[in-house]
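For reference, the structure is listed below as structure tokens.
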Amino acid sequence: MSDAEKVLKEVFGLPSFRGQQAEIVRHVVEGGDAVVLLPTGAGKSLCYQIPAICRKGVGVVVSPLIALMRDQVEALRQSGVAAAALNSTLSPEEARRVRDDLAACRLDLLYITPERLASNGFTEFLSRIPLALIAIDEAHCVSQWGHDFRPEYLQLASLKEKFPGVPRLALTATADPQTRGDLIHRLQLDEARVFSASFDRPNISYTIARKDNARRQLRAFLETRKGESGIVYCLSRRKVEETAEWLVEEGFTALPYHAGLDREVRDANQDAFLKEEGLVLVATIAFGMGIDKPDVRFVAHLDLPSSVEAYYQETGRAGRDGLPAAAWMVYGMGDATLRRRMIDEGASPDEVKQVERMKLNALLGICETVACRRQALLAHFGEVHGGECGNCDTCLEPAELWDGTEAARKALSAIYRTGQRYGAGHIIDVLLGTMTEKVERAGHHELPTFGVGRELDRKGWQSVFRQLAARGIIAVDHAAFNALTLEEEARPVLLGQQKIELRRDPALSGGRRRGAATEAEAWASPEDEALFQALRAERLRLAKEQGVPPYVIFHDTTLREMTRRRPADAAALADIPGIGGAKISRYGKAFLAVIGEAEGIVTRAG
């Protein structure tokens, strides 16, 4: 057994490496540079944590995410690893102790921000300390073509010269081919070995529905997931607060999170989400990066994300433990219009704005696809998937297609004849032959297109316009009060040279759970369910005593294995994934007592 395998088993309590982990760890332990592209939940952290423990010196982990630092440091300490973080949340005294431990080589891993590492004084300090490796987490942040560009990451390119001979790793779970190439070049990792695995998250079910009554739709979805932890994303701070307040009124345990809240309130709400079970956090995208909570069972979007990468990363916060989870979203044409306005009015250079528009269009394509959503999502990252995943809405309830060529021509003609100066509502009034004051004042009741679209109702026409916009056939001019305009792609459709197939919007369902069975259904007997809940209760008690999130003690997957195997002693406990030597010493007696009590109850009942 290699040193890395011993650390995996004895420290982290895992029987074997997964996927490419063993190869990555061996490569880095031997001193090689690596670019690691693995999906969330695939165990990227072990790819630098184990080499840092095996190699001489301290492993330096660069991350912009203070929440991630806190969680990973606590989890490592629970496993008996000497870990610490240096960031702005530490008091001067705490920071001094960390630096003293670092100087005395008492640490296996140190987590720091990119700003701290790039500062000349700290770089000079580190140069006097033996380093095992430097790991750059969230490495996509270095790319201007990524969805989360951070200028301070550009300074990390100098690490190659400043620390020659120290292996460097760049790790990310979110990067399309263009971003991957950019991060490799910018971090001077052109000679590094690239490790890439499938970005598929098969445990996540994907559902995207047209936005009709978003609150009603969200309530129907959440009714099927009561008692589960989840995140609801909204675009604005105001909407976050209003949605959280409304959910509480509806009987859900919910809290808001956005950058505009007082720091103490924001931190308290995040802490509650990490440490409590069954809480819904309503948040802007200010929340989530670096959150290590493994038992988030759903991520819901009430507004459209900015790109496929953002959607993948945000939904990827669900089901990190590998158990069934859900990604649910509602969107409408207004969402796309707002996103385009944000791009056009942003401060980015024109070439970056062009990339942002392309990324938004790619997301709209996934929203409107009639094929497997997982297949479309992975294709964006350059990955081929066979489709028919059986765990997305388009696979479970295939969309009905209809020949929308004539409807599209009528819609485009109405936009053209009204001067490309009106929004969808007015154009639909013209198509339906609805005599409004605005229609009469503009004289549009005299147009040939007035009343030619009565074969569809208002929602039907809204669907047509939404799909035409998603395909780039029409555009919304937000500078002209959201007037619909024709793109170049409209010409062959208007001339009858191109056939248009449209998807028929399905009737809105009650948000029933798709795919995998519910947690309660997964247990073979009521006794198993009762033991699992008793183990969770004991974990929560111990976590509250220490002021840490429950999952840093044991993941749900570990408690499930305890329930199934019912270990009777420490030796049997050691065979359960996720239980290393330090945790057996610390928690073994408490959890064995819970199992023993349950076994006694079952025996007496029998």
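We number each residue from 1, following the sequence as shown. Model, not experiment: these values are computed from the prediction.
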**Asked** Do the charged groups of R238 and E242 touch, with an N to O distance under 4.0 Å?
**Response** yes
**Message:** Here's one to test your reading of the geometry: is the NZ or CZ of K226 within 45 degrees of the ring axis of F252 and under 6.0 Å from its centre?
**Reply:** yes
**Request:** Please name all residues satisfying ring-ring contact (aromatic ring centres under 6.0 Å, His included) with F298, sequence neighbours left out, ordered by chain then number.
**Result:** F221
**Message:** Between V548 and Q78, is the side chain to side chain contact (heavy atoms under 4.5 Å, CB included) condition met? List the steps.
**Reply:** CA-CA 10 Å; V548 299; Q78 292 277 339; 4.2 Å; yes
**Item:** Pair listing, salt bridge (Lys or Arg N to Asp or Glu O under 4.0 Å) test, anchored in residues 272-281, at least two apart
**Value:** D271-K275, E277-R536, E277-R539
**Asked** Does H140 reach the side chain of Q313, with side-chain heavy atoms less than 4.5 Å apart?
**Response** yes
**Prompt:** Do NZ/NE/NH1/NH2 and the carboxylate oxygens of R357 and D344 come within less than 4.0 Å?
**Reply:** yes
**Request:** Apply ring-ring contact (aromatic ring centres under 6.0 Å, His included) to F381 and list each qualifying residue two or more places apart in sequence or on a separate chain.
**Result:** F199, Y312
**D212/K459 salt bridge by N-O under 4.0 Å criterion** = yes
**Set of residues satisfying side-chain hydrogen bond (donor to acceptor under 3.5 Å, both in side chains) with respect to Q462, sequence neighbours excluded** = none
**Request:** Mind listing the closest non-hydrogen atom pair of T369 and A371 along with its distance?
**Result:** OG1-N, 3.0 Å
**Asked** Judged by modelled atom types alone, do S63 and E138 share a side-chain donor-acceptor pair under 3.5 Å?
**Response** no
**Asked** Would you find more than 12 non-hydrogen atoms of other residues, nucleotides or ligands less than 6.0 Å from E345 atom CD?
**Response** yes
**Message:** To check you understand the geometry: which heavy-atom pair defines the closest contact between A170 and L183, and what is its length?
**Reply:** CB-CD1, 4.2 Å
**No-hydrogen, no-angle side-chain donor-acceptor test under 3.5 Å, D505 and S463** = yes
**Item:** Evaluation steps, side-chain hydrogen bond (donor to acceptor under 3.5 Å, both in side chains), between N361 and R340
**Value:** CA-CA 10 Å; N361 289 340; R340 288 194 174 104; 3.0 Å; yes
**Item:** Short side-chain donor-acceptor distance under 3.5 Å, S198 and D200
**Value:** no
**Request:** Measure from NZ or CZ of R560 to the centre of the six-membered ring of F532, then state whether that distance is under 6.0 Å and the direction lies within 45° of the axis.
**Result:** yes
**Message:** Do E388 and Q375 pair up side chain to side chain, a donor and an acceptor below 3.5 Å, judged on atom types alone?
**Reply:** no
**Item:** Passing option when H258 is tested against K239, R266, E241 for side-chain hydrogen bond (donor to acceptor under 3.5 Å, both in side chains)
**Value:** E241
**Asked** How would you list, by chain and number, every residue that makes a side-chain contact (heavy atoms from CB on, under 4.5 Å) with A475, sequence neighbours excluded?
**Response** T485, E487
**Prompt:** Can you find a side-chain donor-acceptor pair between Y111 and Q72 that sits under 3.5 Å?
**Reply:** yes
**With sequence neighbours excluded, residues passing ring-ring contact (aromatic ring centres under 6.0 Å, His included) with Y422** = H426, H444
**Fill in**
Sequence neighbours excluded, the answer for side-chain contact (heavy atoms from CB on, under 4.5 Å) partners of M358 is Q354
**D321/R297 under salt bridge (charged side-chain N to carboxylate O under 4.0 Å, His left out): CA gap, chis, key distance, verdict** = CA-CA 10 Å; D321 54 9; R297 296 270 65 87; 2.9 Å; yes
**Item:** Sequence-distant partners of R219, side-chain hydrogen bond (donor to acceptor under 3.5 Å, both in side chains), two or more places apart
**Value:** none
**Item:** Under 3.5 Å side-chain donor-acceptor pair for Y551 and R320
**Value:** no
**Complete:** Hits for ring-ring contact (aromatic ring centres under 6.0 Å, His included) against Y311, two or more places apart or cross-chain, chain-then-number order -> H301
**Message:** Checking side-chain polar atoms at under 3.5 Å, does H380 have a donor or acceptor matched by the opposite partner on E309?
**Reply:** yes
**Asked** L302 and side-chain contact (heavy atoms from CB on, under 4.5 Å): which partner among V240, V330, V282?
**Response** V330
**Message:** Do F273 and L255 have side chains that approach each other closer than 4.5 Å (heavy atoms only, starting at C-beta)?
**Reply:** no
**Request:** Inspect the contact between K211 and D303 and indicate whether a charged nitrogen and a carboxylate oxygen are less than 4.0 angstrom apart.
**Result:** yes
**Asked** Within a radius of less than 6.0 Å around CZ of R421, do more than 12 heavy atoms belonging to other residues, nucleotides or ligands occur?
**Response** no
**Asked** Roughly how far apart are L360 CG and S306 OG, rounded to 0.5 Å?
**Response** 8.0 Å
**Request:** Check side-chain hydrogen bond (donor to acceptor under 3.5 Å, both in side chains) between R373 and all other residues, then give those that pass, not counting sequence neighbours.
**Result:** D393
**Whether R374 side chain and C392 backbone form a donor-acceptor pair below 3.5 Å** = no
**Request:** Output every pair passing ring-ring contact (aromatic ring centres under 6.0 Å, His included) with a member in residues 350-374, not counting sequence neighbours, ordered by first then second residue.
**Result:** none
**Message:** Going by side-chain hydrogen bond (donor to acceptor under 3.5 Å, both in side chains), name the residues that satisfy it together with N203, two or more places apart in sequence or in a different chain.
**Reply:** none
**Request:** Before accepting this row, confirm whether a basic side-chain N of the pair E356/R339 lies closer than 4.0 Å to the acidic partner's carboxylate O.
**Result:** no
**SB check R504 E400 (cutoff 4.0 Å)** = yes
**Message:** Closer than 4.0 angstrom, basic N to acidic O: yes or no for D295 and K293?
**Reply:** yes
